[in-house]
Participant: 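For reference, the structure I am asking about is given below.
Letters A, B, ... are given to chains in the order of the sequence lines, protein chains preceding strands, and every chain is numbered from 1.
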Number of protein chains: 2
Amino acid sequence: MVTIYDIAKKANVSAMTVSRVINNTGRISEKTRMKVKRIMEEMNYVPNSMARSLVLQETKILSLLITDITNPFYTTLARGAEDAAKRCGYKLLFGNSDENLIKEKEYVDMMLTARVDGVLFAPAGDGSLEHLNTLRKHNIPLVLLDREVPGFETDMVLGDSKDGARKLVEHLISLGHKRIALINGALQVSTARHRLAGYKEALKLNDLPYDDRLVAEFGYKPFADDSSLDELLQLDDPPTAIFAANNFLAIGVIRALRARGIPVPEQISVVCFDDLGESSVIDPFLTVAAQPAYQFGALGIQLLIERIQDKSGEDYRKIILPPELIVRSSSRERS
Amino acid sequence: MVTIYDIAKKANVSAMTVSRVINNTGRISEKTRMKVKRIMEEMNYVPNSMARSLVLQETKILSLLITDITNPFYTTLARGAEDAAKRCGYKLLFGNSDENLIKEKEYVDMMLTARVDGVLFAPAGDGSLEHLNTLRKHNIPLVLLDREVPGFETDMVLGDSKDGARKLVEHLISLGHKRIALINGALQVSTARHRLAGYKEALKLNDLPYDDRLVAEFGYKPFADDSSLDELLQLDDPPTAIFAANNFLAIGVIRALRARGIPVPEQISVVCFDDLGESSVIDPFLTVAAQPAYQFGALGIQLLIERIQDKSGEDYRKIILPPELIVRSSSRERS
DNA sequence: CTGTTAGCGCTTTCAT
DNA sequence: ATGAAAGCGCTAACAG
C-alpha cells in the first residue's frame, strides 16, 4: 500500500509536505507541489480515510436508516439523501430495519462502531426511543425522518399525515361515500396515529359517525394474510370506500378485493397515502396523497450537515412537507 | 470518547487485557474478564472501528454498486446482498451509478479511500472496464453482478439473458406472432447484447427473418421520449408483439402504446425481461422472464467473502442464474 | 495469564 | 517554505 511516506521519499520531501499538498494547506512552493502531485499520480496514491479519520475524529460518513428498502417511498428518499450527501463530500452507509426493532438496534451498534458523523433515521416505531437515546448519549447528530418518536426532540423532516389523511377522506366524502374504512399501519408508528387522527377529523367535520369496526390495524409492510378484511367486508353496512394508510397496504387491499371478486372502483373506491413507484405506473389509477420523498432525503441530509457543522446550534428544526392529493381512477362516486 | 485505556485504568489492567476481552483472544482469567466487561458496560464503551481497521488492514466494509436504485430488480438484489453481508459481520456501503460512468468513477474513488474489503459491482457498461482495472490494481476483491465486461475476468453472478430472451420470443412465436419488435437497452451493456442474441436465435430457430427496423436501442432507464417508437409502429408491416429488454422499458412501451390508443394485448402483445416489484402487482399482467434478484445479491456476497478469505483462490467462478418464464395476460394469440 | 513496545497512515504543533 | 516529533485508538509480537 502506498503511503505518504513512500511519496515523500521519492520526492525528497517530508511526509508533512505531502500531507500539505493533499489537503491544500499551508504554504508550498509551486515547484514542490507539482513534483509531489506528479509522483502521487505515478504511484497511484490513494489517501487512507481510516488513518485520516482516526486523527481528525471525523469519518465523513453519514448513515441512513430506513424501514423498507423495497418501498418506493424510501428508495426515492434514499436517492435524495444520497445525492445531497455526495454533493457535500459525505459517504452514505445504508441500513434497512425492515420495521424491526432488533434489526434497528444492530444498525445502531454498527453506526456507533463505524463512528459515523451523523445519522438520518426513519424509526421503526415508538420503541426506537431507546436507540435514539443511545445515539444521543454518544453525541451523534441525528435527524428524524418521516416519523417522530414521542419523548425525543431533535431535527426532523416529516410529512403532514393528518392533513393528507383528512384530504383523502374528504375527497371520498365529496364523492358521496359515508361508510369509509381505514386500513392502517401499526399505531406504534406516529404516522399511523396521525393518519387515524386525520381520518377521524374528516368524519367529524362532515358529521359522519366514527365506527371502529371500519378501522383495522395492519403494518406498513406488504401483507399476505388478508382474512381479517373479511370481517370488515361482511358487515351489515359494509364500506363503499377504503383508505389505506400507505401504498403497500393499498396493494394488499386491492389484491384482496380482486380475490373476492369485488371491483375497484365500481363497488369499492380505494385511496392511499404515498404514491407507487415508477414501476407501477403502467396504469396509474390509484388516488393518492403523494409525498415529496426525494425532498425528505435531501432536506434531511441538509439539516444533518448543518447540525454537524454547528453542533452548538439553535433550537431543533422541524420541517413539515405537505402531501399532494392526486385524484385518479380508483376513487369514484358512490353508486 | 471512551478508549480501551480508560477501561484499562479503571480496571487496573493493561490496555492489552482489555483488547483481549473485547476480541475473545488469548487466555484471560474469568475474574478479570468479568471485571473488564462490567466496566465496559458502565462506561458505555464502543470500539473504534477506524483504529481497528488501521492496524488490522481490514475494514469489514463491502461496497455494493448498482445502476438504478429505483429499479425493483436492484433493490431486491440489494436486500439479498445486505442480508448476506450482515450475517457475515460486514457493513455495506451503497452506491448508485445511475447507468452513468462519471458517477461510477466517483464511487470507485470512494471505495478506494474507504478501503473497503471488497466490491460487488454491477457495471454501467463496457466502459466500466477502466474502473474495474483500477480496483484490480489496488488488489480489491471484486464480484461482477448481472453484467459482464469484455476483457475483464473475475467472479461473477449473471443471469442467462440469451436463454431468457429466446424463451420470451419463442413464447410470442408460439402464439402466432411473426413480426416481433425488440426494444433493447444500450448495446454497451452485456445483457442487452445477449438479449439481442437470444432474440435473433429464436427467430432463426423458427425460420423467421431478422428485420433490423424492428429493433430499437434505448437504455435500461425509464424513458420519456418515445417518439422513436413511431417509426416502428408505422411500418407497412408493423409488429404485433414487442419484447422489451427490461421492466422499465416495458413500462415505457406500454405507456407509449396507451398514449397512441393501441390496446395491449389486443392489438400488440408485450413481454419483458425482469419482473416488476411488489408495488406493481396490483394487476399482474406482464408476461416476463423473471430473475432471482435476491439470489444475485446473496450469492454475490458469498462469492466475494470467499474470495476475501482465500485471496490466493482457485479460478474465477461464474454463477449463471436461469430466468423463469412467467406467462401472464400481456401476451396473447395474434389476432 | 498479563504487560510492554512498536507501529498502522495520517495530521497537529512547534521548530527551523 | 519545510521538517521533526507526538499521538489518534487499537492490536501483533514478544516478554515475563
Participant: Scan residues 6-26 of chain A for pairs that pass salt bridge (Lys or Arg N to Asp or Glu O under 4.0 Å), counting only residues two or more places apart or in two chains.
Facilitator: none
Participant: Got a sec, which pairs hit side chain to side chain donor-acceptor pair (under 3.5 Å) with one end in residues 45-55 of chain B, sequence neighbours left out?
Facilitator: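 Matches after skipping sequence neighbours: B:Asn23-B:Arg52.
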Participant: Scan residues 84-102 of chain A for pairs that pass salt bridge (Lys or Arg N to Asp or Glu O under 4.0 Å), counting only residues two or more places apart or in two chains.
Facilitator: A:Lys86-B:Glu106, A:Asp98-A:Lys103, A:Asp98-B:Arg79, A:Glu99-A:Arg147
Participant: Between B:Ala78 and A:Ile69, what is the shortest heavy-atom contact and its length?
Facilitator: CB-CD1, 4.1 Å
Participant: Given atom CD1 of A:Ile7 and atom P of C:dG9, what is their separation to the nearest angstrom?
Facilitator: 13 Å
Participant: Under the rule for side chain to side chain donor-acceptor pair (under 3.5 Å), what residues qualify as partners of A:Thr113, not counting sequence neighbours?
Facilitator: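 Once residues adjacent in sequence are excluded, A:Thr113 has no partner under the side chain to side chain donor-acceptor pair (under 3.5 Å) criterion.
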Participant: As a test of reading the structure: which of D:dG9, D:dC10, C:dT11 is closest to the side chain of A:Ser19, going by heavy atoms?
Facilitator: C:dT11
Participant: Enter the inter-axis angle for the ends of the helix from C:dC1-D:dG16 to C:dT16-D:dA1 (five pairs per end, rounded to 10°).
Facilitator: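 It comes to 40° between the two terminal axes.
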Participant: Classify the side-chain pair B:Tyr74/B:Asn96 by whether it contains a donor and acceptor separated by less than 3.5 Å.
Facilitator: no
Participant: For B:Glu42, is there an ion pair with B:Arg38 - N to carboxylate O distance below 4.0 angstrom?
Facilitator: yes
Participant: Tell me the salt bridge (Lys or Arg N to Asp or Glu O under 4.0 Å) pairs involving residues 124-141 of chain B, sequence neighbours left out?
Facilitator: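 The answer is B:Asp126-B:Arg193.
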Participant: Collect all protein-nucleotide pairs involving nucleotides 2-5 of chain C in which both atoms are nitrogen or oxygen and the distance is under 3.5 Å.
Facilitator:
| unit_1 | atom_1 | unit_2 | atom_2 | d |
| --- | --- | --- | --- | --- |
| C:dT2 | OP1 | B:Ser29 | OG | 3.4 |
| C:dT2 | OP1 | B:Thr32 | OG1 | 3.4 |
| C:dT2 | OP2 | B:Ser29 | N | 2.9 |
| C:dT2 | OP2 | B:Thr32 | OG1 | 3.0 |
| C:dG3 | OP2 | B:Ser14 | N | 2.8 |
| C:dG3 | OP2 | B:Ser14 | OG | 3.1 |
| C:dG3 | OP2 | B:Thr17 | OG1 | 2.6 |
| C:dG3 | N7 | B:Arg20 | NH1 | 3.2 |
| C:dG3 | O6 | B:Arg20 | NH2 | 2.3 |

Participant: Can you check the B:Ile4 CD1 to D:dT11 C1' distance for me, whole Å?
Facilitator: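 Interatomic distance, CD1 of B:Ile4 to C1' of D:dT11: 8 Å.
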Participant: Got a sec? Which of residues 107-118 of chain B come in under 4.0 Å of DNA chain C, heavy atoms?
Facilitator: none
Participant: Are A:Leu321 and A:Val157 packed together at the side-chain level, in the sense that at least one heavy-atom pair is separated by less than 4.5 angstrom?
Facilitator: yes
Participant: Return each pair, listed once, that meets ring pair (Phe, Tyr, Trp, His ring centres under 6.0 Å) where at least one residue sits in residues 91-123 of chain B; pairs must be two or more places apart or across chains.
Facilitator: A:Phe94-B:Phe94
Participant: From CG of A:Asn24 over to P of C:dC10, roughly how many Å is that when rounded to an integer?
Facilitator: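 Whole-Å distance recorded here is 16 Å.
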Participant: Does anything in residues 35-60 of chain B come within less than 4.0 Å of DNA chain D? Heavy atoms only, and list the residues if so.
Facilitator: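 Of all residues in residues 35-60 of chain B, the ones placing a heavy atom under 4.0 Å from DNA chain D are B:Tyr45, B:Pro47, B:Asn48, B:Ala51, B:Arg52, B:Val55, B:Leu56.
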Participant: Do B:Tyr220 and B:Asn71 have side-chain atoms, one donor and one acceptor, less than 3.5 Å apart?
Facilitator: no
Participant: Any pair with a residue in residues 107-119 of chain A that passes salt bridge (Lys or Arg N to Asp or Glu O under 4.0 Å), sequence neighbours left out, goes on the list, sorted by first then second residue, please.
Facilitator: A:Lys105-A:Asp109
Participant: If the condition is ring pair (Phe, Tyr, Trp, His ring centres under 6.0 Å), which residues does A:Phe73 pass it with, not counting sequence neighbours?
Facilitator: A:Phe296
Participant: In whole angstrom, what separates A:Met1's CE from C:dG7's C1'?
Facilitator: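 So the CE-C1' distance, A:Met1 to C:dG7, works out to 14 Å.
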